[in-house]
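Presented below is the structure to which this report refers.
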Amino acid sequence: MEPVSMDIDTTQQLPADPLPFARSYQLEALEKALKHNTIVFLETGSGKTLIAIMLLRSYAYLLRKPSRFIAVFLVPKVVLVRQQAGAVEMHTDLKVGMYWGEMGVDFWKAATWKNEIDKHEVLVMTPQILLNGLRHSYIKLEWIKVMIFDECHHTSGKHPYACIMTEFFHCELKSGHHDLPRIFGMTASPIKSKGANSELHYWQQIRELEDIMNSKIYTCVSESALAEFIPFSTPKFLFYEHMKIPDGIFAYLLKELGNLRAKHEHMLEQLDLNESAAVSIRNKISKVHSALMFCLEELGVWLAFQAAQFLSHCDTDGDFISGGKLDVSGETIVKNFCQDASLAISNCFSAGQECSIRDNIKAHLGAGLLTSKILCLVESLLQYRDLKEIRCIVFVERVITAVVLESLLSKLLPKHGSWKTKYIAGNNSGLQSQTRKIQNEIVEEFRKGMVNIIIATSILEEGLDVQSCNLVIRFDPSATVSSFIQSRGRARMQNSDYLLMVRRGDFSTHARLENYLASGDIMRRESLRHASIPCSPLLDELDDEFYRVEGTGAVVSLSSSVSLIYFYCSRLPSDGYFKPAPRCIIDKETMTCTLHLPKSSPVQTICVQGNIKTLKQKACLEACKKLHVSGALTDNLVPDIVMEEAVAEDVGNERYDDEQPIYLPPELVSQGPRNLKTKYFCYLIELNQNFAYDIPVHDVVLVVRTELESDVIRSMGFDLEAERGLLTVNLRYIGDIDLEQVLVVLCRRFQITLFKVLLDHSVNKLKEVLEGLDLGSGAEIDYFLLPAFRSCSQPSINWTPIVSVLFSYKNEDHFNCSRNGNAHVVQTKCGPVCACVLQNSLVCTPHNGNIYCITGVFEDLNGNSLLKMGDGGAITYKEYFAKRHGIQLLFNREPLLKGKHIFPVHNLLNRCRKQKEKASRNTHVELPPELCEIILSPISISTLYSYTFIPSIMHRLESLLIAVNLKKMHSDHYLQHVNIPSMKGFIRNESFDPKLWIIPGGKLGSDFLSEEPLSEGRKIYIRGRRKVKSKTIADVVEALIGAYLSTGGEVTALLFMDWIGIKVDFMNTPYERHIQLQAEKFVNVRYLESLLNYSFNDPSLLVEALTHGSYMLPEIPRCYQRLEFLGDAVLDYLITLHMYKEYPGMSPGLLTDLRSASVNNDCYALSAVKVGLDRHILHASHDLHKHIVATVKNIQEFSLESTFGWESETAFPKVLGDVIESLAGAILVDSGYNKEVVFESIRPLLEPLITPETLRLQPVRELNELCQRQHFDYKKPIVSRNGRNASVTIEVEANGLIFKHTATVADKETAKKLASKEVLKALKESNFATSTASKVE
C-alpha cells in the first residue's frame, strides 16, 4: 500500500507567527503543523487552541481580503462556536464569522454564502454546516487554506468530520490535487472507544484516526513534560458498598408502579387514537416507568419520589421522554401516570419525610430512602468542607440523575456551609428547557464562586470552558477513554482531585478505569513510536457511488442521499394531518427496493435492485438524480422551494430603494427665451359651493402654455370636502390669450404674493421672494391662477385684484376721492391713504405679525371707545394697546377697521371630518388703521377664500397630468418600442402638504428643474428626489394593473404588465393530462357534478381535487395541493372582481374587509360542511377524521346562515377549506380556463355572500380598532401553554375599568379570537363600544 503525502502545497514556505507567551511544546507543535497535516494530542488545558491560532496567524497573509481564500475552524458543539471564535478574535486581526444551525443556514443560498466568505477570513462553524456547504457547492474545498478540527477524535463512522474528509478531502487527494487545505486536529484523546486490550490495539485505533485525517499525531513524551506548565489532578478511587433498598419496599413499589403502568396503558384503549399515537404514548409511559425504577434502585426512594414529582411537571415532548409529540389526551395520560407514581412512592414515607431529608443521612439507608452510592457522594463532598474556594463538577450519565441530585444537594449541603448547587444538561433534554444562555450563566457563576457544585452530563466534558475547577467526581464511570480523559482534564487548578466512584466488588469497572488511567501514556508512547510511519490511503471509504452536477460541482453520494430525500420531502406542502415523507419497501427475496415519494413530488416511484445493505441508499440516490433532472432539486441540489423561500426573505428584508425622482408634468413647465407676446390657454376652474356660508367663492382661471387633453379636462370634475361641506370642482376650456412680458410679470407677482401670505400667514420673506422677479431662460413652472368674472356668455379674467399688487402709498391722486361719501385721508403704519383704499384690502399688523382682510369700518368705535375685558372690566382701546403692546395710539378719533383673520389652507384631497371654525377665527377684529400695513388693495374676502382651495385642486391636476404622461409613454412603447425609464418617478407616495406646494412663477429656474426624456419627442421634469419603499412601488404596480384590468380587460392588463417587465405568457396553452383512472371507484361523480352544477370532461380532476396527501393509493398519482394553489388564486380574483363591480362607490378599506371576510379558510370550511363535502374527502388520517367530526358537530351548534366561522370555539381543519379551492382549480382546468364557469359553479356553495350590511370584523381586529378609536389601554396579550393547550389572556382598561378574559383551547389564534370576543361583548354591554358597521360611500 502506497503511503500518502501529508505535505500539501509544499512550495509555499510559511513563516511561523508565534505568540510571545507560547510554551515550548506549543512552538514545537506549530512547527510540525506548518510542515504537514497534524493532530495535536495534548491534555485538556494545555493550550491546543492557542497552537491553532498561531497556525492561523502564520496563514493570515494568504487569507486577508480581497483574497478568495478562507480558514475554517470546526467545532463539534454549538456552545463552542462563540468560545473558539472569541479566542481567534482575541489573538488575531482576522475577520471571524460564526455559524450554527439555528441561524437558518440550511436555507441559505449560494449568494448568501458568497457574501459571508467575501466578508470573513476565518469561519467558525459546526461540521454539518461545512459538509452541507461542500455538498451543495456553496463552499469549495479549494477555497480553504486551513481546516481546524476541534475534538477531532470524533472523526469516524458517519460523523460530519469523517464525511468531510472521505467525501471531499480524500477524493481530491486521490484525484491528484495537492492544493488542499492544511489539516490541523486537536484532541485530548485520539481514541474515542472503550480502550484496548494491548498496545497494538491502541496503535490500530490511533492509525485509523491518522489515516482518515491524513495527519500525524504530535504529542509530548509524558505528563511530566507538561507538568511544569499545567496542573494535573490526582486520581483517587472511592469504593462504596452496594446496599439494596429493603425488599418489602422494593417489591411494593415494583408492583405498584407496574400496576399503574398497566392501568394507564389500558386507558389508551378507551381513547379514539390511531396506532402511531397509541404507540408513542405507550413508549413514553414505558420510559417514565424505566426512569423511576432506575432511580429507585440506584438512588433510593426519596430521589425516585423527586423524579416522579419533576416528571409530572416537565414537558413530555422533550428528548428525555422521547417518542414523538403527543396530543392533549396523550400528554394528560403520561402526566397522570407520573402524578400517580409520585403518590404511590410517597406512601413509603413517614409523615413529612417526602418534604425533607435529615442531617444524619446514614439513618436513611436502612429505610431505603437513599442508597449507599448517594451516601458516598455526600460524605466525599463534606470532606472538602474546609476548602476555602470549592469548585466541584459531579459527572453523571443520565439527565434525571443530575436533576434529582441537584434537588438533594440543594437541601442538604446548605446545612453544612454556603455551597450552592446547580445542574447542567444538554439544552435538548426537555428538562426545564435549559438554554445555552442559562448554561453559560451557570458556568460564569461557577467561575465567580456564586455556584460551587455543578451536576453535569457529558456536555461539560467537551464543551463549555470551565477553568476554575479543583474537584471532579465521576458519580457514574466514564464510558470511553476520551470521556475519562476529558472529564479528568476539567480539574485544572493546582492540587485538584479526580474522584472515581466504584461499587465495591465491581472488578470489571475497576479494571476498565485503571486501563483508562494508563491509556494516556500508552497512546503517547504508541504515537511517538510510529511517528515516522506515513498515513495510508483510504480505499473502501472512497468507493461510495455519487451523482455530481457538472455546472456547479454539487454532489450527492449514497451515504448523503437518504438525508437529502428526507429534507426534500420536509419542504413539500404539508398540514397538521400529513407530513410528507418517503416510504421505502424492500423485498429481500428479489433484492429490490421501491421508494414512494409524496404525491406532490414530480417523481413518485423509484425501483432499484442491488446489495441489500445499500438498497435504500441506492433508491434515494436515483431519486435525487431524477428530482434534479425534473427541476425539483436545483443545480446546487437543494429543494427549489427552499430557494423560493430565500428569495422571498431577501425581498421582505428590502426596506427602501435608492432616492427616486419626483416628476413634474411638462404641461406646467416652459423653457427657453420668450417672445414679446406669449400665447396661453385659459381654463375656468368652476367652484360650486354646496354649503351655506356668508362668504361666497368665485371661479379661478388657470392660464397655461400647453393645451390640456380632453381626458384631463373630463377627469377634473370632483368634490372637495371642505370644513363646512362639499365644494364641486369642474374644469372647462374658455379660450386663449396673448400676454406681454409685463403682464406675465404682473400675474406672477400677484399669485406669489397671494399664495405666500395664505400659506405662510406671514410677510417676513415676501419681499425677498419678489425682489428681482424676472423672466428666466431656463426651465420654470409657468402657469397662472387668476381671479375670474363668471358670465353666462363668456367668463373672463378679473384684472382688478391682480393689479392690487401694484398698490403704492404714493398714489396722491386717490387721497380725496369722491367714490365714497366718507372718503378721507387715513393714517396707516406706512403712511396716509384714502379711507376707501382700506376697504377690501389685505393688511398686516407688524406689532403681532398677523394678517387680516379688511371688510369694513366700525363707525361707532375709535381709540377712546371701551373694550370689554375677559375679567368683566373695561378699558379703552388706547389703554389696551399701550398696556398689552406698549404702543401709544396717536389718532384716537379715527374709526376702527373691521378685520378678519385670513383662512387656513388645508389638504382637502383627504376626506376630513366637518368641524366648526374656531370662534376667534370666525369673528371680526377691531384694528386701529395706524397699526395696519397694506399688502394688496383692492382684493375681496371672497377671492382670498376661493384661493384656499386652489393648492389641493392643482395637486390633483398635477397628479392627473403625471398619469397622462405615463399613459402616453405606454402608447409610445408600442409605436416606438421605448422602454420605461422608471416607474418610481411617477409615484406620489406622500400625503399632500399645502405648505410644501410649489407656488408657480417663483425664482426657481434651471437649478430647480431638470429634464428627463421619456420617449422620442417627449420629456418630463424632475423637481426633487425622495425615497420610496419597495412595498409602495409594488402597491402602485398592483393598482395600475387593476386600473387596466377594470377599464380594458385582461389582455390590456397583461400587455401593461409586459411593458413594465413582468413577462407573462398569456396564451391559452391546452393542458394535457395522462391520468387514467375510474373516477367512480373513488368518488360519487354524478352527485358531486350535480352539487357543483358542472359536468367534468375529465373526472380524474374531481378525484384529484378531493384527495388529501395522506391518501397514498398508487392509482391516484396526485393530491389536491396543486389544484388548491390554482383555485386559491382564481377564487381570490373572482370574488375581488365581483365586489369591485358590485359596489362601485366602496372605499378600498371596506373592499378589503369584505374580501378578507369572504376569502378565508374558515368561510370556505363552513361552506364545505354546509353542502356535505366533508363526507367526500379521500384521506387516511385518523386525526383528520376526528377533527372533521368535531367540526361538523360544532358547526351544528350555531346557525349555518353565517359564513364567518368566528363563532366557532375550535379551529377548523384547513382541509375543509382547501377542497373548495381545489374544486375551483379543477373546474378551471377542465373548462379550458373559463373563469366565469368557475364562479357560476362555486358561488352557490358560498351563498349567502357577505355584504356591507352583514359584514362583521374578526373579533381580534374589531377590538384593536375599538381601542385605538376610543383610546382604551389594550394590554399586551399574555400567552401560556398548559401541555398541548394554549391560553391567551386579553385585557383592556376603559375609563378606569378593567375588562379581562382568558380563553384556553388547542391553538393560540383561536384562543386569542375567543378571548377578544368576550372582552368585546363585555365592553358593548357596558356601553363602551359603539357600532362599527361600515357603509357604502
From CA spacing to verdict: side chain to side chain contact (heavy atoms under 4.5 Å, CB included), Asn1161, Leu1216 = CA-CA 8 Å; Asn1161 194 265; Leu1216 291 174; 5.9 Å; no
Does Phe1212 form a ring-ring contact (aromatic ring centres under 6.0 Å, His included) with His1187? I'd like the steps, not just the answer. CA-CA 8 Å; Phe1212 294 145; His1187 202 173; 8.6 Å; no
Original post:
How far apart are the C-alpha atoms of Leu1131 and Ile1242, what are their side-chain angles, what is the distance that settles it, and do they pass the side chain to side chain contact (heavy atoms under 4.5 Å, CB included) test?
Top reply: CA-CA 9 Å; Leu1131 282 180; Ile1242 298 297; 3.8 Å; yes
Given the rule in the side chain to side chain contact (heavy atoms under 4.5 Å, CB included) test, do Leu597 and Thr605 qualify, once you have shown the distances and angles that lead to the verdict? CA-CA 6 Å; Leu597 296 181; Thr605 305; over 6 Å; no
Test Ile1135 against Phe1239 for side chain to side chain contact (heavy atoms under 4.5 Å, CB included), laying out the working first. CA-CA 8 Å; Ile1135 291 175; Phe1239 195 54; 4.3 Å; yes
Next item on the list: Test Ser1100 against Asp1098 for side-chain hydrogen bond (donor to acceptor under 3.5 Å, both in side chains), laying out the working first.
Entry: CA-CA 5 Å; Ser1100 70; Asp1098 180 3; 2.6 Å; yes
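With contacts defined as side-chain heavy-atom distances shorter than 4.5 Å, the pair Asp1183/Lys1186 qualifies. Taking 4.5 Å as the limit, every side-chain heavy atom of Asn1093 sits out of range of all side-chain heavy atoms of Pro1244. Inter-residue side-chain proximity for Pro1213 and Thr1191 is flagged as met; some heavy-atom pair is nearer than 4.5 Å. The shortest distance between side-chain heavy atoms of Asp1174 and Val1215 does not fall below 4.5 Å. Between Lys1313 and Thr1310, some side-chain heavy-atom pair lies under the 4.5 Å cut-off. Here the side chains of Val1085 and Phe1096 are not in contact, with every heavy-atom distance at 4.5 Å or above.
For Gln1078, the CD atom sits in a loose shell: 12 or fewer heavy atoms of surrounding residues, nucleotides or ligands are nearer than 6.0 Å. Under a cut-off of 6.0 angstrom, the local environment of CZ in Phe1125 is sparse, with at most 12 non-hydrogen atoms contributed by other residues, nucleotides or ligands. Counting non-hydrogen atoms of neighbouring residues, nucleotides and ligands closer than 6.0 angstrom, the OH atom of Tyr1133 exceeds 12 such neighbours. Around NZ of Lys1321, the count of heavy atoms belonging to other residues, nucleotides or ligands within 6.0 Å does not exceed 12. Few gaps surround NE2 on His1138; more than 12 heavy atoms of other groups in view lie less than 6.0 Å from it.
Checking Asp1230 against Tyr1094 by side-chain atom types alone, a donor-acceptor pair falls below 3.5 Å. Inspection of the Ser1181 and Ser1110 side chains reveals no N or O donor paired with an N or O acceptor under 3.5 Å.
Between Phe578 and His1108, the ring-plane angle classifies as perpendicular under the 30° and 60° cut-offs.
Taking the six-membered ring for Trp, Phe1272 and Tyr1274 have ring centres at least 6.0 Å apart. Aromatic pair Tyr577/His1182: ring centres not closer than 6.0 Å.
Note on Arg1243 versus Glu1236: no salt bridge recorded, every NZ/NE/NH1/NH2 to OD/OE distance being 4.0 Å or above. With respect to Lys1300 and Glu1318, no salt bridge is recorded, no charged nitrogen being found less than 4.0 Å from a carboxylate O. Under 4.0 Å is where a charged nitrogen must lie from a carboxylate oxygen, and between Arg1261 and Glu1265 at least one such pair does.
If you take NE2 on His596 and CD on Gln604, they are separated by 10.5 Å, rounding to the nearest 0.5 Å. Between the OG1 atom in Thr1107 and the OH atom in Tyr1120 there is a gap of 10.0 Å [rounded to 0.5 Å]. Leu1088 contributes atom CG, which lies 6.0 Å from atom CG of Leu1106 (distance to the nearest 0.5 angstrom). With rounding to the nearest 0.5 Å, the separation of OG1 in Thr1251 from CG in Leu1154 is 7.5 Å.
Across Pro598 and Ala581, no two heavy atoms sit closer than the pair CG-N, 3.8 Å.
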